[in-house]
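First comes the structure, then the notes that go with it.
Order of the sequence lines sets the chain letters (A, B, ...), proteins ahead of strands, with each chain counted from 1. Just so it is clear, the values below take in all heavy atoms, side chains as well, and ignore hydrogens, waters and symmetry mates.
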Amino acid sequence: MMDYETLGERLAQQGVSRRAFLKFCTAMASLMALPPGTATAIAEALIKARRPSVIWLSFQECTGCTESLTRSYSPTLESLIFDMISLDYHHTLQAASGTAAEAARETAMKENYGKYLVVVDGSIPIGNPGYGAHGGVSFVDHLQQTVKGAAAIIAVGTCAAFGGIPNAKPNPTGAVSVSDLIKDKPIINISGCPPIPAVITGVLAHYLTFGELPELDELGRPKSFYGQTIHDRCYRRPFYDQGKFAKSFDDEGARNGWCLFELGCKGPTTHNACATTKWNGGTSFPIESGHGCLGCSEPHFWDAGSFYTPLSAPTENIATVAAGAAVVGAGVAVALSAADRAKKRRAQQAHEKMTVKDL
Amino acid sequence: MDTQQLLDFVRGPGLQFAAAVFVLGMVYRMLHLILLGRKKNLAEPRGGEWGPGLRTIWHRSIQSVGLTPRGHFIIIVGYVFHFGFMITLLFLSQHIDLLRTLLRFSWPALPPGLITIAAILTIGAMIALLVHRFTDPVKRLISDYQDYLTWTLTFLPLLTGIMLKQGIGLGYQQMLIVHIVTLELLLIAIPFTKLAHMLTTFSARWYNGAISGFRGVQS
């Protein structure tokens, strides 16, 4: 571990020019919606920044978040920045295994106590400790032990941020998010299934620059990336406003690139930067590829009805319930009418005619 | 429960409940009226019932000669409201998405701009009718809380719908929840308030005409 080394020294070693580095800082400042002047401040802060120790914990996850971070961007400047942190523990990426790996984690924790960052991907099962363990230590204990000396926790991916797919009904393992378990540490949620790599590096750059986490929304996500909906920034938005919708995936509307709302796009209710930052080095994003947004950066997206049901349509069967209600309504009406008629009949029978004697 | 779960609830079980109350209430009220069991009129009929009944439905739906200016105002603004409401309800593409899942068929939507105009006219008509209710002494005297309640319950889905469509106020997700909840409140209230006239209006008009026809009175 080379934690004495600053980012500036490391970048120089790697042959990254100051121009390229400043371009990165400007892009980061713009991505995080910071004033243009802050790019220089970011550059100065990053150059002097010591490589923070990062411990990456993987729990109930599919490794998609790591795939997103490492594969899609390599070898761009973002991935270099990823190299610039001291990644001291990461199941998928580390060479060590078993007790050697755990020893690396413990050393990193001891040497950087109070300063290291913990990145978590995957949800944590609390139903039974046996559902997930590292070296005989349950996921819950592993998380709680590791975050003790952490400066902050970054929950990467919807599973770590909100419980994600393991948390979907019926949630057999009792999967929960990091924020459900840890209450005494700053937590930043970088949701998405997987999240956009630039968002992860953007948050790290922000932390290295300002020494604190960026402004978060009510779900703990950085506002600079999750402040707007996909719908707000979608290039197909004009078609929505004009009422031009694709009705199937191969009709004229789909071929013309019209709005995918009627095919179940969840863009209007999904906060993420896909429509602006895009994926695969800015190549495209799901809507650009012709498929609606699944809403993967929102909590409970897996339980929000079919991916192909429009947002304005019901998620449950209404027709059957309405038919049942009609039968019950008819039954009640017939029963009450029968009771009314019986009452009328009884009144008629009880009626006594007035006779001369009465007079 | 977070916002996403709240949206799932109002789109799912919430809507199921509101639809069940609406259908149960309407079927019960209509059938109960039909099964009331009116006494057979033993008098000699002096005319038919169907013709005069249908004529009354027609006559009460059009501008009659001799109406006061106030009468004309009510009829015209009433028409603007009812047609505007139906156009907004039945021809906005997002509403057709909802109805298609219930009815298994659909129809072409109108352009959103046209729907917005219809909705604004409807809202304008509702406000005009409310002002009239407040300012006209007779109208004010015969109005009770239910008139204002039904006005509010009808007005809210229109208002929140326009806000949702135009991006005014809350975010899309929150506004969609509010809009669906206002619709559900309206559905629940319809069978048990004056709004039940959406089913009883024409049968009541027919009945009035039919009575006149039976008695040989011009309907």
Assess the residue pair A/Ser312 and B/His95 against the criterion (side-chain contact (heavy atoms from CB on, under 4.5 Å)); give the C-alpha distance rounded to whole Å, side-chain angles, the decisive distance to 0.1 Å, and a yes or no. CA-CA 7 Å; A/Ser312 56; B/His95 293 167; over 6 Å; no

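- Heavy-atom distances place no part of A/Thr270 under 4.5 Å from chain B, backbone and side chain included.
- To the nearest 0.5 Å, the span separating OG on A/Ser337 from CD1 on B/Ile34 amounts to 10.0 Å.
- Considering all non-hydrogen atoms of both residues, B/Ala19 and A/Ile318 come closest at CB-CG2, 3.6 Å.
- Between chain B and the options A/Ala319, A/Pro268, A/Ala322, heavy-atom pairs under 4.5 Å are most frequent for A/Pro268.
- Every residue meeting the side chain to side chain contact (heavy atoms under 4.5 Å, CB included) condition with B/Ile74, not counting sequence neighbours, appears here in chain and number order: B/Leu129, B/His132, B/Lys139.
- By the neighbour-count criterion of 12 heavy atoms within 6.0 Å, atom CE of B/Met1 is densely surrounded, having more than that number from other residues, nucleotides or ligands.
- Separation of atoms NE2 (A/His271) and OH (B/Tyr172) is listed at 12.5 Å; rounding is to 0.5 Å.
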Take A/Leu336 and B/Tyr28, measure what side-chain contact (heavy atoms from CB on, under 4.5 Å) needs, and give me the verdict at the end. CA-CA 10 Å; A/Leu336 284 180; B/Tyr28 160 70; 3.4 Å; yes

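- Among residues 236-251 of chain A, the residues having any heavy atom closer than 4.5 Å to a heavy atom of chain B are, in sequence order, A/Tyr240, A/Asp241, A/Gln242, A/Gly243, A/Phe245.
- Scanning all heavy atoms of the two residues, the minimum distance from A/Ala333 to B/His32 falls at CB-N, 3.8 Å.
- The two residues A/Thr309 and B/Arg11 make their nearest non-hydrogen contact at CG2-NH2, 3.8 Å.
- In the displayed structure, B/Trp107 atom CH2 is contacted under 6.0 Å by more than 12 heavy atoms of other residues, nucleotides or ligands.
- Heavy-atom neighbours of A/Lys343 NZ from other residues, nucleotides or ligands within 6.0 Å: at or below the threshold of 12.
- For the pair A/Ala326 and B/Val27, the tightest heavy-atom approach, listed with the atom from each and the gap, is O-CG1, 3.5 Å.
- With chain B as partner, the option from A/Thr320, A/Val327, A/Asp232, A/Leu311 having the largest number of non-hydrogen pairs under 4.5 angstrom is A/Leu311.
- Listed in order of number, the residues of residues 293-303 of chain A that approach chain B to under 4.5 Å between heavy atoms are A/Glu298, A/Pro299, A/His300, A/Asp303.
- Neither the backbone nor the side chain of B/Ala109 comes within contact range of chain A; no heavy atoms are under 4.5 Å apart.
- The contact between B/Leu35 and chain A is made by backbone and side chain atoms together, counting heavy-atom distances below 4.5 Å.
- Between chain A and the options B/Leu7, B/Ile96, B/Leu102, heavy-atom pairs under 4.5 Å are most frequent for B/Leu102.
- Most heavy-atom pairs under 4.5 Å with chain A: of the set B/Leu176, B/Leu103, B/Asp8, B/Asp97, this distinction falls to B/Asp97.
- With chain A as partner, the option from B/Thr101, B/Asp2, B/Leu33, B/Leu92 having the largest number of non-hydrogen pairs under 4.5 angstrom is B/Asp2.
- Shown here is A/Phe307, whose CZ atom has more than 12 heavy atoms of other residues, nucleotides or ligands within 6.0 Å.
- A distance-only check finds a donor-acceptor pair linking the side chain of B/Gln16 to the backbone of A/Asn317 [under 3.5 Å].
- Around atom CZ of B/Phe155, more than 12 heavy atoms belonging to other residues, nucleotides or ligands sit under 6.0 Å away.
- Atom CD in A/Glu262 sits 5.5 Å away from atom CZ in B/Arg100 (nearest 0.5 Å).
- Residue pairs meeting the ring-ring contact (aromatic ring centres under 6.0 Å, His included) criterion with at least one partner in residues 177-201 of chain B, sequence neighbours excluded, do not occur; the list is empty.
- Using a 4.5 Å cut-off between heavy atoms, A/Val334 touches chain B through backbone and side chain atoms alike.
- Counting heavy atoms of neighbouring residues, nucleotides and ligands inside a 6.0 Å radius, atom CZ of A/Arg233 does not exceed 12 of them.
- Of the atoms belonging to B/Pro13, heavy atoms from both backbone and side chain fall under 4.5 Å from chain A.
- Here the closest non-hydrogen pair linking B/Leu36 and A/Arg341 is C-NH2, 4.2 Å.
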